[in-house]
Novice: 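Quick one: the structure is below, questions incoming.
The sequence lines fix the lettering, A, B, ..., with proteins before strands; numbering per chain opens at 1.
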Amino acid sequence: MSLLDMSSGGPSLWAPEWLPRLPQRLVEMLLQYFGAPEWLVTTAGWITAAATVVGVFLGGFALLSLVERKTLARVQNRLGPNRAGWFGILQPVADGIKMLTKEDIVPAKAEWLLHLAAPILIVMPSILALGVIPYGREWTPVPLELGLLFFFSVGAFTELAVFMAGWASGSKFPMLGAMRAISQMVSYELPLIITTVGVVMITGSLALSDIVEHQVGFHLGFIPKWNIFTPWGFSAGIVFYIASIAEANRCPFDLPEGESEIVAGHMTEYSGFKYALFFMGEYLGLFAISGLGITLFLGGWQAPLPGLGFVPSWIWFFAKLVVVIMSYLWIRATFPRVRIDQLMRFAWLCMLPMALLTIPAAGIWVFTANPDGSHGILGWLTTVPLLLIPWIIITIIFNRRISPATRSYTFADS
Amino acid sequence: MTPLPLLLTLSSLLFTLGLFAVLTRRNVILILVGIELMFNAANINFIAFWRYGPPDPDLIGPMFVLFAIAIAAAEAAVGLAIILMGFRHTRSTDLNRLDSLHG
Amino acid sequence: MTALLILSPLILLAALGAVWLARPVHAALLLALTLVLTAVYYLAIGADFIGLVQLMVYVGAVAMLIVFSLLITRSGDEAEEIARRPLVMVVGLACTLPVLLVLLHSISRAGNLPPGAAESPAFSLAQLGTALFTTHAPAVLTVAVLLTAVMIGAALFARGAHASSVHRDASCVTEFSSAPRHASCLTESTRKPPTPNDS
């Protein structure tokens, strides 16, 4: 509805800011031209907007699958895929054709209904979650009042889908992979959600567009007022970043797949298009969780420096998305995989306390604010020690606890 | 016509189903499933009376549901911790095998 | 009303499956489906926040806990044959049917309820938050204490189990070093009965 209002007084349809909503607007204009009823126009507009987002991110999925392989190859001093098309650019197409034409195998001991439902259920939440993120000043596909809550609510289905995949396959490796995946996702979802509480406290709203609007402006004329540039936001941002890597099952937390240990985890018994769906869900979830992190801590679609407002806002969002995802690739290329006990201990002994500490820090930050909303020295003097001292203590304890200890294998060597 | 009687019938059927599960199941975890069903039935009642009952400006109905959800989560966590402790001792989740009190 | 007419048979069917199906994993998944459908109904009648919280907590936490403990205890595949004994069924029905009849009877007698002509409007998040932290602040504090206690309790359970298993291993090791191939060590490691789904 706001879109229809904007057509009268807002920027022109062809402004770069409106480019991502062009398909939606065109469909609506076309339907209005043919005299379609109001509800049909609105519904078709929503569907087109959703399809635009899905299309953009499916393209991003294809591109990322190539970029990831190329980047990893360069880090490991290889060339990577370079046969299909110029510079290997057609490799995603070749992969897609291969996946689509592979035989779809359902094991004899599998429960076919759950086995079929799991890949669908794993893609659906990622797509739903992508729908509430504000990509640009004028481009939030579904502006929900409870956007943040919606994001995490639909995320709950991912765990269920992983369990269904692991259990319905009726085999050992999927079961082990599902157990690892569920325990990891439950453990890291806790700090992930708790770190967002601070942002919600500061903003006073669960709507993601409000959270972005709250980060408008610059300190001292050049430092953006993003949440990451506050003490509590910095701590919460780091915790959120690590937890999002674990939620997306990326290296170094890719134990659920663990190719060298349990074949492919919960995806072992899948082939063909269903296997591709798992990967699609994983990459779309990666986009969604990084998009949420950008929205919460990195100022969403806002320009990083003053005077850059002439660039369309959604370009800034996708630029930040590229930076975050490339950092994921960098981490994947350089870190070894952690062990499951290290993973769990890290979640409960490091991530959870640090995530919980951001809540009082954010509260103090609100209460020490000046009446005009700026923050004096008092806020920094109270929140920085509150976060820094536990961080140092936890680091020291944790380093002591996980440093290599002498282990005796009593049964293995006899 | 107000859908209140229909909602109440639905919730009482759900409650009865949950009770039946608690009474007849032998696996402790499935008894927990029945308990969750009964919680859910009570929540449906709260929401139904908030929505279709007398005016509720203080949002007592949704409040009750929020707290019931919080308590159900806590109850499930502790219940499952106890079940796992029992499982470590007896290697079973069968209620008929959890009848001895010594570790 | 339409949402209720569509959703209530589905909710009932899913709950019936959760109660009746023999394999525990199916029952747990159908419990999750029941809770999801209930959340959808909450969303449909304007209790958005409650519906989303129900999805997040029940599906994301409670159903996952149940499913996960089924995985850990390896009881996900054990069909409950004995529970289908006629005697159990009869006793169960004899206990539950009166409850159902009393409930239905009281619903049918409740003609003197205030007329629900004015449906309560959907509430905003600000309204809910204000009510939560003014009128119901003591309850919030109580729940906070409860959740903290639960967290500590669950951690103690887990820690206690861990400590006892370490202790058992340690005692085993010492016995092993003093007397190689000591019987108790071997029984300790092989005492677990074979799990039923190891076929």
Novice: Need one label for C/Phe68: side chain, backbone, both or neither, based on atoms under 4.5 Å from any heavy atom in chain B.
Specialist: neither

Novice: Can you check whether B/Phe39 reaches C/Tyr58 side chain to side chain, under 4.5 Å on heavy atoms?
Specialist: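 Yes, their side chains come closer than 4.5 Å.
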
Novice: For chain B, which of C/Ala15, C/Pro9, C/Ala28 has the most heavy-atom pairs under 4.5 Å?
Specialist: C/Ala15

Novice: Sort out for me which of C/Leu31, C/Val53, C/Leu103 touches chain B most, counting heavy-atom pairs under 4.5 Å.
Specialist: C/Leu31

Novice: Who among C/Leu104, C/Leu147, C/Thr135, C/Leu128 has the most heavy-atom pairs with chain B under 4.5 Å?
Specialist: C/Leu128

Novice: Could you go through the side-chain contact (heavy atoms from CB on, under 4.5 Å) check for B/Ser12 and C/Ile107 one step at a time?
Specialist: CA-CA 9 Å; B/Ser12 40; C/Ile107 291 169; 3.7 Å; yes

Novice: Testing the basics here: between C/Gln54 and C/Tyr42, what is the closest heavy-atom pair and its distance to 0.1 Å?
Specialist: OE1-CE1, 3.4 Å

Novice: Where does C/Ser8 contact chain B at under 4.5 Å (heavy atoms): side chain, backbone, both or neither?
Specialist: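 It is both, since atoms from each part get that close.
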
Novice: Could you pull out the closest heavy-atom pair between B/Thr24 and C/Gly92, with the gap in Å?
Specialist: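 Minimum heavy-atom separation between B/Thr24 and C/Gly92: CG2-CA, 4.0 Å.
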
Novice: Can you say whether B/Ile69 sits under 4.5 Å from chain C via the side chain, the backbone, both, or neither, judging by heavy atoms?
Specialist: both

Novice: Determine whether C/Trp20 and B/Leu17 make a side-chain contact, defined as any pair of heavy atoms from C-beta on separated by less than 4.5 Å.
Specialist: no

Novice: Considering only heavy atoms and a distance below 4.5 Å, find which of B/Ile82, B/Leu14, B/Asn40 pairs most often with chain C.
Specialist: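 Sorted descending by pairs with chain C, the first entry is B/Asn40.
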
Novice: For the pair B/Arg25 (side chain) and B/Gly34 (backbone), establish whether a donor and an acceptor sit closer than 3.5 Å, ignoring hydrogens and angles.
Specialist: no

Novice: Can you give me the closest heavy-atom contact between C/Val62 and B/Ala76, atom names plus distance?
Specialist: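 Minimum heavy-atom separation between C/Val62 and B/Ala76: CG1-CB, 3.9 Å.
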
Novice: Is it the backbone or the side chain of C/Leu100 that comes under 4.5 Å from a heavy atom of chain B, or both, or neither?
Specialist: both

Novice: Among C/Leu35, C/Ile50, C/Val36, exactly one meets side chain to side chain contact (heavy atoms under 4.5 Å, CB included) together with C/Leu55. Which residue is that?
Specialist: C/Val36

Novice: Please state whether the side chain, the backbone, both or neither of C/Ala139 comes within less than 4.5 Å of a heavy atom of chain B.
Specialist: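 Contact with chain B is through both the backbone and side chain of C/Ala139.
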
Novice: Compare all side-chain heavy atoms of C/Val99 with those of B/Phe15 and state whether any distance is below 4.5 angstrom.
Specialist: yes

Novice: In terms of heavy-atom proximity below 4.5 Å to chain B, should C/Val140 be classed as side chain, backbone, both, or neither?
Specialist: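 For C/Val140, backbone and side chain are both near chain B.
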
Novice: Side chain, backbone, both or neither: which part of B/Val65 has an atom under 4.5 Å from a heavy atom of chain C?
Specialist: side chain

Novice: Which region of C/Leu12, side chain (C-beta onward) or backbone (N, CA, C, O), has a non-hydrogen atom less than 4.5 Å from a non-hydrogen atom of chain B, or is it both or neither?
Specialist: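 Contact with chain B involves both backbone and side-chain atoms of C/Leu12.
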
Novice: Please classify the contact of C/Leu30 with chain B as side chain, backbone, both or neither, using a heavy-atom distance under 4.5 Å.
Specialist: neither

Novice: If you tally heavy-atom pairs under 4.5 Å against chain C, which of B/Ala74, B/Ala77, B/Ala81 wins?
Specialist: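 Heavy-atom pair counts peak at B/Ala74.
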
Novice: May I ask you to name which of B/Ile71, B/Val22, B/Val78, B/Leu59 has the most heavy-atom pairs under 4.5 Å with chain C?
Specialist: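 Among the listed options, the one with the most contacts to chain C is B/Leu59.
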
Novice: Would you check if B/Leu32 and B/Glu75 make a side-chain contact, meaning some heavy-atom pair closer than 4.5 Å?
Specialist: yes

